[in-house]
There are 2 protein chains.
Amino acid sequence: MSQRNIDVSPQVESPWVQAARDDDHSVEACTLMDVIDRVSGKWAIGIMVAAARGPIRFTELERAVSGISRRMLTLTLRNLERDGLIRRTVYPVVPPKVEYTLTPIAEDLYESLASLTSWAERNRVAIAEARVEYDARADE
Amino acid sequence: MSQRNIDVSPQVESPWVQAARDDDHSVEACTLMDVIDRVSGKWAIGIMVAAARGPIRFTELERAVSGISRRMLTLTLRNLERDGLIRRTVYPVVPPKVEYTLTPIAEDLYESLASLTSWAERNRVAIAEARVEYDARADE
DNA sequence: CTGCATCCCTATGGATACTG
DNA sequence: CAGTATCCATAGGGATGCAG
C-alpha cells in the first residue's frame with residue numbers, strides 16, 4: 001500500500017520554496033514523512049550506525065545498541081530489511097550465524113542524514129536557550 | 001530534563017566515518033536522534049510546511065494541515081515553539097488573534113531536510129521493490 | 001546463537017465539550 | 001478566535017520464556 005506515485009518537477013530549489021509556490025504542501029511533506037518514519041523510532045539509527053562499520057551479528061548488535069531489547073532489535077531489523085536498508089545473511093552452521101550489513105542505499109541515506117547532524121550541531125545552543133527561556137516563562 | 005550537553009569534535013567528515021573511527025556511536029546517533037525526534041511525530045513537518053509561506057493563524061493551520069485535531073495542533077505548536085522553531089505572536093485584540101511564524105533556524109532546518117527528500121525520491125522505487133520482494137518471501 | 005510469542009504498561013494521539 | 005481539559009483507543013515498546 002502507499003505507492004503515492006509522485007511526480008515532482010525536475011528542478012527543486014528548496015522544498016519550502018516549492019511548497020510555497022505550488023500550493024501543494026502534501027507532496028513534499030509526505031515524501032519527507034516517509035523517510036522520517038523510516039529512521040524514526042527509538043532504534044533504527046542506532047542499529048544503522050552500529051552496522052556501518054561492516055557486517056555485524058545479532059548478539060553484537062544487542063551489545064552495541066545499548067538498552068535495546070531482543071524484541072525491538074528483531075523488529076527494527078526486520079523493518080530495515082524490508083525497506084532494503086539492511087541485508088541479512090544466514091550462514092547454515094551450528095550454532096546459527098547471521099550477519100547484518102548496510103545496503104548501498106542505506107549508506108547513501110546516511111550521507112543525507114549528515115546535513116541534519118550538521119544542523120543540530122550548528123543550532124544546539126540556540127535550541128537549548130530557546131527551551132530554557134520557554135520553560136522559564138511557563139514555570140512562573 | 002534531558003539537557004545532554006554534548007561536546008562534539010570540531011571537524012566532521014561524515015557521521016558514519018566518524019562513528020567508525022571514534023568507536024563512539026552514541027554521540028552521532030544521539031545528535032541525529034535529537035533532530036529526528038524534533039521533526040518526527042505525525043504533524044510537525046506539516047505544520048512547518050504550512051507556516052513556511054509566512055505568518056499563519058491558528059485556525060488557518062487547522063485547515064491547512066488536513067486531519068489534525070485541535071489538541072494535536074496546540075501540542076505540536078508548543079513543542080516547536082519551545083525548541084525555537086516557531087515564533088508565536090499574540091495580538092491583544094478581540095476576538096483574539098495569534099500568528100505563527102517560522103524562525104530562521106527552522107528555515108535552515110528545512111534546507112537540511114531537503115537532502116532527505118532528495119534521497120527519498122532517488123530511492124522510492126528501490127524501496128518499493130524491496131518491500132514487494134520481502135513480503136513475497138514472507139507470505140508463502 | 002538467533003529470534004519468535006506472550007504479557008503488560010505507557011506514551012501518543014483522536015474526539016469533543018468547555019472557556020476567556 | 002484560540003485555545004484548555006477530559007476521556008478514551010491504540011500502537012510502541014519493555015521483559016522474558018521458549019524453540020530451532
Side-chain angles (χ1 to χ4, degrees), chain A residues 1-2 29 33-34 36-47 50-51 55-83 86-101 134 137-140, chain B residues 1-2 29 33-34 36-48 50-51 55-83 86-101 134-135 137-140:
Chain A
M1 64 226 73
S2 144
M33 285 262 305
D34 283 348
I36 296 277
D37 284 350
R38 214 156 265 122
V39 295
S40 67
K42 213 169 173 181
W43 307 110
I45 290 180
I47 289 177
I56 187 171
R57 301 183 58 175
F58 189 88
T59 312
E60 290 173 329
L61 274 172
E62 208 172 352
R63 279 191 295 266
V65 183
S66 74
I68 195 169
S69 67
R70 206 164 271 155
R71 176 186 133 90
M72 288 316 297
L73 179 54
T74 304
L75 281 180
T76 310
L77 282 172
R78 292 298 169 273
N79 283 332
L80 291 172
E81 190 193 351
R82 187 169 111 98
D83 283 342
I86 283 232
R87 183 176 40 246
R88 178 169 177 271
T89 312
V90 183
Y91 298 90
V93 297
V94 316
K97 173 176 175 180
V98 179
E99 274 183 352
Y100 293 92
T101 322
Y134 182 92
R137 271 181 300 169
D139 274 354
E140 101 239 350
Chain B
M1 62 234 74
S2 146
M33 285 261 304
D34 284 347
I36 296 278
D37 284 349
R38 213 157 266 121
V39 297
S40 69
K42 215 169 170 180
W43 306 111
I45 289 180
I47 289 177
M48 292 206 288
I56 187 170
R57 302 182 57 175
F58 189 88
T59 312
E60 291 174 327
L61 274 172
E62 207 172 352
R63 278 190 296 266
V65 183
S66 74
I68 195 171
S69 68
R70 208 163 268 154
R71 176 184 134 91
M72 287 317 295
L73 179 54
T74 303
L75 282 180
T76 310
L77 282 172
R78 292 295 172 274
N79 283 332
L80 292 172
E81 190 194 352
R82 187 169 111 97
D83 284 342
I86 282 230
R87 183 174 43 246
R88 177 170 177 271
T89 313
V90 182
Y91 297 90
V93 298
V94 318
K97 173 174 175 179
V98 179
E99 275 183 354
Y100 293 91
T101 322
Y134 183 93
D135 293 347
R137 271 180 300 169
D139 273 356
E140 101 239 349

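Every chain is numbered from 1, with letters handed out A, B, ... down the list of sequences. Excluded from the calculations below are hydrogen atoms, water molecules and symmetry mates; all remaining heavy atoms, backbone and side chain alike, are included.
By the 4.5 Å heavy-atom criterion applied to side chains, A:Phe58 and A:Leu77 are counted as neighbours. Residues B:Ile86 and B:Tyr100 have side chains in contact (heavy-atom distance under 4.5 Å, counting atoms from C-beta outward).
When heavy atoms are screened at a 4.0 angstrom cut-off, A:Tyr100 is found touching the sugar-phosphate backbone but no base atom. Across all strands, B:Thr74 comes closer than 4.0 Å to base atoms (heavy-atom distances).
Dashed line: the shortest gap from a side-chain N or O of B:Thr59 to OP1 or OP2 of D:dA2 is under 4.0 Å. Residue B:Arg71 has no polar side-chain atom (N or O) positioned under 4.0 Å from OP1 or OP2 of C:dT12.
The side chain of A:Phe58 lies closest to C:dT2 when the candidates are D:dG13, C:dT2, C:dG13. Side-chain proximity of B:Arg57 to D:dG14, C:dG14, D:dA2: nearest is D:dA2.
Atom CG of A:Leu75 and atom C1' of C:dT6 are 13 Å apart (whole Å). Counting to the nearest Å, the P atom of D:dA2 and the CD atom of B:Glu60 are 8 Å from each other. What separates CZ of B:Arg70 from C1' of C:dG13 is a distance of 16 Å, to the nearest Å.
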Carefully, step by step, assess B:Leu73 and B:Val65 under the rule side chain to side chain contact (heavy atoms under 4.5 Å, CB included).
-> CA-CA 9 Å; B:Leu73 179 54; B:Val65 183; 5.5 Å; no
